[in-house]
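What follows is a short report on a single structure.
The analysis underlying the following values was restricted to heavy atoms, covering all of them including side chains, and did not include hydrogens, waters or symmetry mates. On a predicted model such as this, the values are computed, not experimentally measured, just so you know. Positions are given from 1, in the same order as the sequence printed here.
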Amino acid sequence: MKFIVATCLAGSLVLAGCAGTDNSASSSTNAKAGASAGGTGARPSGSATPVYPRDSNLSPLTSGQARSQSVVTLAPPADMWDRIRRGFKMPNLESDLVRDREQWYASRPDYIQRMTERSNKYIFHIVEELERRNMPTELALLPYIESAFNPQAVSSARAAGMWQFMPATGTDFDLKQNIFRDDRRDVVASTRAALDYLQKLYGMFGDWQLALAAYNWGEGSVGRAIAKNQRLGLPTTYSDLSMPAETRLYVPKLQAVKNIVANPQAFNAELPLIANHPYFQTVPLTRDLDVELAAKLADVRIEDFRALNPAAHKPVLIAAGTSEILLPWDNAAVFKRNFDAYTQGQYASWTAWVVPTTMTVADAAQRSGMSESDLRALNNVPPRMLIKAGSTLIVPRGARVKEDVAAVVADGGHLSFQPEIITRRTTVKAGRSDNVASIARRYNLKPAAVADWNDVNPNHAFKRGYSVVVYLPVRATPAARVGSGAAPARGRGAAVATSKRGGAPVKAAARGSSSAKQAVVRQPRGGTPSKRKR
């Protein structure tokens, strides 16, 4: 305190000295001016005359008491649960459905344990991304609702990954889907896409609960529900909209999980410790590499490697399409060291082969040096299908093959099929005026084939009631495409065609029956999936 007072006094003296100097200089100047003008101005003395302030409001300095403001220390989060709680920003939803879902989760401690332990690998990255975007950390709990944090999860509506993207919506958000990889399952890529989508929906509706409803039901459906309530003069909050049961329960499920995370003791729940530290780090991939070899070089179990790299659903990683892989934090350096020191042969024992012409599976297997059953299993080739020209197959990589798969193949690799037509000998009765040409035209056959089957001339006319031999297709299935989200056809005697955006499947009866009836189109029973937009 004495030091502060002394400092203030010293400052006052300095200011006073400056003021006196300025006054002295001014007086000297005035004296000189007076002398030159013939006046009798006085000479300045050897020391400057002190000048005192004339402000009557000034008061002398007195001793005082120094005060310091309190400093608030912000301790880092103890674990990920604490970090998530600190970022809660969404308004709470209070309803009977929330209470119901709380009871559902609280009565299943084993289920909560499995979910939370599985999330250990991914939740740090998700929270990091949410905080970087200044988004509510409640959204880090959304994969518990969508997939129970299983990146390999696939719904009945063909939504895939932790965030459950539909094929078309995944394409809209730049998630690649081809024969080599499905980025809807990729931990980093799908998280980026999901948060982009949620931010877009929040920008559209200005409300996180409505944004979540749109994530589950589709923005168009939520928009129409809001417009309907507006026309009827009704409120347009999440709780007031008319929506499917799945969407009605969607936000209550998230709210229930949020409440359990916020106060696990109230629900007799135990949350496993998840350290506030990255679980994985990215490692660049410079060469095509077998998945098993990658796990071996990183010194991790193959199950753990696939859990961090679920998008790679083939036995080989293609460097041109997979620029980096994820590895546990402490194993990344191990992988780099072992990869550089590896000298035991090729990094990859598989490669990609672009089929030059449409061929049978047996022909493709013979040319690639595989058994037909192995080629079918590895490339998911359905039965009774031909492989179309331009398709890409995973085949063994010979010792002479030195080049890795090209980027154009890695980015655009697809697998397309066309039906392998199987015919059956059938007899049909000739009608009045029937001949080879009319029979061939009726059953979409070549006249030369009909004539050959019946050992007659191409211009032969059949007698009425004559049994004409024809070979008609037993089964016809629409062509499928692997890597674009199209599912292979299933069922006996009928083909299933699916819409790319999740529309209802349509069954078409097989062509070529002896009755020569037209294909019958039937609509399936039940409604369409609610996740058709995602």
Rounded to the nearest 0.5 Å, how far does [atom2] of [Y] lie from [atom1] of [X]?
{"X": "Asn276", "Y": "Asp79", "atom1": "CG", "atom2": "CG", "result": "8.0 Å"}
{"X": "Ile126", "Y": "Thr191", "atom1": "CD1", "atom2": "OG1", "result": "4.5 Å"}
{"X": "Asp183", "Y": "Lys176", "atom1": "CG", "atom2": "NZ", "result": "7.0 Å"}
{"X": "Leu285", "Y": "Tyr347", "atom1": "CG", "atom2": "OH", "result": "10.5 Å"}

Using the six-membered ring of [Y], assess whether NZ or CZ of [X] lies under 6.0 Å from its centre and within 45 degrees of the ring axis.
{"X": "Arg108", "Y": "Trp104", "result": "yes"}
{"X": "Arg192", "Y": "Tyr197", "result": "no"}
{"X": "Lys258", "Y": "Phe88", "result": "yes"}

Can you confirm whether the side chains of [X] and [Y] place a donor and an acceptor under 3.5 Å from each other?
{"X": "Asn229", "Y": "Thr236", "value": "no"}
{"X": "Thr137", "Y": "Arg86", "value": "no"}
{"X": "Asn92", "Y": "Gln255", "value": "yes"}
{"X": "Trp163", "Y": "Ser147", "value": "no"}

Just wondering, do [Y] and [X] contact through their side chains at under 4.5 Å, heavy atoms?
{"X": "Val395", "Y": "Trp350", "value": "no"}
{"X": "Arg337", "Y": "Val334", "value": "yes"}
{"X": "Phe180", "Y": "Ile394", "value": "yes"}
{"X": "Arg83", "Y": "Glu128", "value": "yes"}
{"X": "Glu138", "Y": "Trp208", "value": "no"}
{"X": "Gln152", "Y": "His313", "value": "no"}
{"X": "Pro328", "Y": "Phe280", "value": "no"}
{"X": "Asp100", "Y": "Pro252", "value": "no"}

message: Test side-chain contact (heavy atoms from CB on, under 4.5 Å) on Ile226 and Phe205; report intermediate values, then the result.
response: CA-CA 10 Å; Ile226 291 174; Phe205 299 105; 3.7 Å; yes
Has [X] got a side-chain atom pairing as donor or acceptor with [Y]'s backbone, closer than 3.5 angstrom?
{"X": "Asn338", "Y": "Leu297", "value": "yes"}
{"X": "Thr322", "Y": "Glu324", "value": "no"}
{"X": "Gln164", "Y": "Ala153", "value": "yes"}
{"X": "Asn309", "Y": "Ala312", "value": "no"}
{"X": "Ser391", "Y": "Ser416", "value": "yes"}
{"X": "Asn178", "Y": "Arg181", "value": "yes"}
{"X": "Ser323", "Y": "Ala319", "value": "no"}
{"X": "Asn379", "Y": "Leu375", "value": "yes"}
{"X": "Thr247", "Y": "Met243", "value": "no"}
{"X": "Arg185", "Y": "Ala160", "value": "no"}

If every non-hydrogen atom of [X] is compared with every non-hydrogen atom of [Y], which pair is closest and at what distance?
{"X": "Ala140", "Y": "Leu130", "answer": "N-CD1, 3.4 Å"}
{"X": "Lys200", "Y": "Glu219", "answer": "NZ-OE2, 3.8 Å"}
{"X": "Val187", "Y": "Pro310", "answer": "CG2-CD, 4.1 Å"}
{"X": "Pro396", "Y": "Ser368", "answer": "CD-O, 3.7 Å"}
{"X": "Asp288", "Y": "Ala348", "answer": "O-CB, 3.5 Å"}

task: Apply side-chain contact (heavy atoms from CB on, under 4.5 Å) to Thr116 and Ile112, showing your working.
output: CA-CA 6 Å; Thr116 51; Ile112 292 179; 4.2 Å; yes
- prompt: Can we call the ring centroids of Tyr105 and Phe267 under 6.0 Å apart?
  reply: no
query: In terms of heavy-atom contacts, does NZ of Lys228 have more than 12 from other residues, nucleotides or ligands at under 6.0 Å?
result: no
message: With side chain to side chain contact (heavy atoms under 4.5 Å, CB included) as the test, pick out the partner of Tyr122 among Pro151, Ser190, Pro143.
response: Pro151
task: Quickly, which of Asn216, Leu212, Leu195, Val257 forms a side chain to side chain contact (heavy atoms under 4.5 Å, CB included) with Leu142? Name it, please.
output: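 Only match with Leu142 under side chain to side chain contact (heavy atoms under 4.5 Å, CB included): Leu212.
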Verdict with supporting geometry, Glu146 and Met162, side-chain contact (heavy atoms from CB on, under 4.5 Å): CA-CA 7 Å; Glu146 286 290 346; Met162 278 194 308; over 6 Å; no
- request: Anything under 30° is parallel, anything over 60° is perpendicular, the rest tilted; go ahead and classify Phe165 against Tyr215.
  value: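 Aromatic pair Phe165/Tyr215 classed perpendicular.
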NZ/NE/NH1/NH2 to OD/OE distance under 4.0 Å, [X] and [Y]:
{"X": "Asp404", "Y": "Arg397", "answer": "yes"}
{"X": "Arg306", "Y": "Asp304", "answer": "no"}
{"X": "Lys296", "Y": "Glu292", "answer": "no"}

task: Might you work through the side-chain contact (heavy atoms from CB on, under 4.5 Å) test for Leu289 and Arg287, ending with a clear yes or no?
output: CA-CA 6 Å; Leu289 183 64; Arg287 295 293 307 273; 5.8 Å; no
